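Read through the structure below, which is laid out as structure tokens, and then see the notes.
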Amino acid sequence: YTLSLHDALPISELALEGAVSGAVSYSNRTGLEGGVSIKGAVATLPDLPPLRAALASASLSPDRIHLDPAVIETSSGGEPFSGGTLRAGGDFYFSGQRLVATLDTDGLSVDALKSTAAAWFGAPAGLTVIHGGTVTGRVRYAYEPQSASSWSGQFQFAGAAIGPAALAVPLDHAQGRVTFDTSTLSL
């Protein structure tokens, strides 16, 4: 099954593959309703590495598609990210064509989170000053066609270097907490 969302999202063409089970109905009164599970789910965009999940579950209601958090695997070999876990979920709202994606991490490498998030949605600003190490927490991406996309989140990091790339001597082996949104960054 392939779902093309074109201009509705900041992504031009999303393809979903896997074994689908569940029930979805449509009526003139209520629109779409139901739920599906996708075993061996693979989500791809042109020229990007695919995201894989052993099982992904989604529910459909008249105004949105909700994707339950699913454990994401790397594109090579089907193994989970080494040294940590990434769960992705979110909502797509038909009215307003709004997307909200949530990435939950548990001991995931900062570099793996940065590269995955940047490939699919653009780089989260709250991660720009952290290099290496691991991260545990949540980052949230929001997109609406009439406004700029945005990131927010709260996470803990450990074993990281802190500082902008241009800083002569970054703070190494750091640990702490970051909270950020479109207008603030607390470290």
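The residues of the chain are indexed from 1 along the displayed sequence. Since the structure is predicted, the reported quantities are computational estimates derived from the model, not experimental observations.
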Quiz item: Do you know the tightest heavy-atom contact between Pro50 and Thr44?
Solution: CB-CG2, 3.3 Å
Quiz prompt | Close side-chain approach of Lys114 and Pro124, heavy atoms under 4.5 Å | solution = no
Quiz prompt | Passing candidate, side-chain contact (heavy atoms from CB on, under 4.5 Å) with Phe155, options Ile130, Leu113, Thr179 | solution = Ile130
Exercise. Find the distance between OG (Ser186) and CZ (Phe180) and round it off to the nearest 0.5 Å.
Key: 11.5 Å
Quiz item: Say you draw a straight line from CZ of Arg177 to CG of Leu187; how long is it, rounded to the nearest 0.5 Å?
Solution: 11.5 Å
Quiz item: Is it true that atom CD of Gln175 has more than 12 heavy atoms of other residues, nucleotides or ligands lying nearer than 6.0 Å?
Solution: no
Quiz item: Are Phe92 and His66 side-chain neighbours, meaning at least one heavy-atom pair lies under 4.5 Å?
Solution: no
Exercise. Could you tell me the separation between the OG1 atom of Thr116 and the CG atom of Leu103, rounded to the nearest 0.5 Å?
Key: 8.0 Å
Quiz item: Who pairs with Arg64 by salt bridge (charged side-chain N to carboxylate O under 4.0 Å, His left out), at least two apart in sequence or on another chain?
Solution: Asp91
Quiz item: Looking at CH2 of Trp151 and CG of Leu127, how far apart are the two atoms once the value is rounded to the nearest 0.5 Å?
Solution: 8.0 Å
Self-check item: Residue pair Ile38 / Gly18: nearest heavy atoms and the distance that separates them
Solution: CG2-CA, 3.7 Å
Quiz prompt | Pro145 to Gly96 - nearest heavy-atom pair and separation | solution = CD-O, 3.1 Å
Practice problem: State, without any angle test, whether Asp106 and Thr85 hold a side-chain donor-acceptor pair at a distance under 3.5 Å. | Solution: no
Quiz item: Out of curiosity, does Leu67 fall in the hydrophobic cluster containing Val20 (side-chain heavy atoms, cut-off under 4.5 Å, transitive links)?
Solution: no
Practice problem: Kindly write out the residues that satisfy side chain to side chain contact (heavy atoms under 4.5 Å, CB included) with Leu32, not counting sequence neighbours, or none if the list is empty. | Solution: Val24, Tyr26, Leu60, Phe94
Practice problem: Answer with yes or no whether the hydrophobic clustering places Phe157 together with Val139; edges join I, L, V, M, F, W, Y residues whose side-chain heavy atoms lie under 4.5 Å apart. | Solution: yes
Practice problem: Measure across Thr182 and Ser150 and return the closest heavy-atom pair with its distance rounded to 0.1 Å. | Solution: CG2-CB, 3.2 Å
Quiz item: Has the side chain of Thr105 got a donor or acceptor atom that lies under 3.5 Å from a matching backbone atom of Val135?
Solution: yes
Exercise. Could you tell me the separation between the CG atom of Leu99 and the OH atom of Tyr141, rounded to the nearest 0.5 Å?
Key: 6.5 Å
Exercise. Verify, without hydrogens or angle tests, whether Thr136 (side chain) and Gly107 (backbone) share a donor-acceptor contact under 3.5 angstrom.
Key: yes
Quiz item: What's the spacing between Arg87 CZ and Leu108 CG if we round to 0.5 Å?
Solution: 11.0 Å
Quiz item: When clusters are formed from ILVMFWY side-chain contacts under 4.5 Å, directly or step by step, what else is grouped with Tyr93?
Solution: Val100
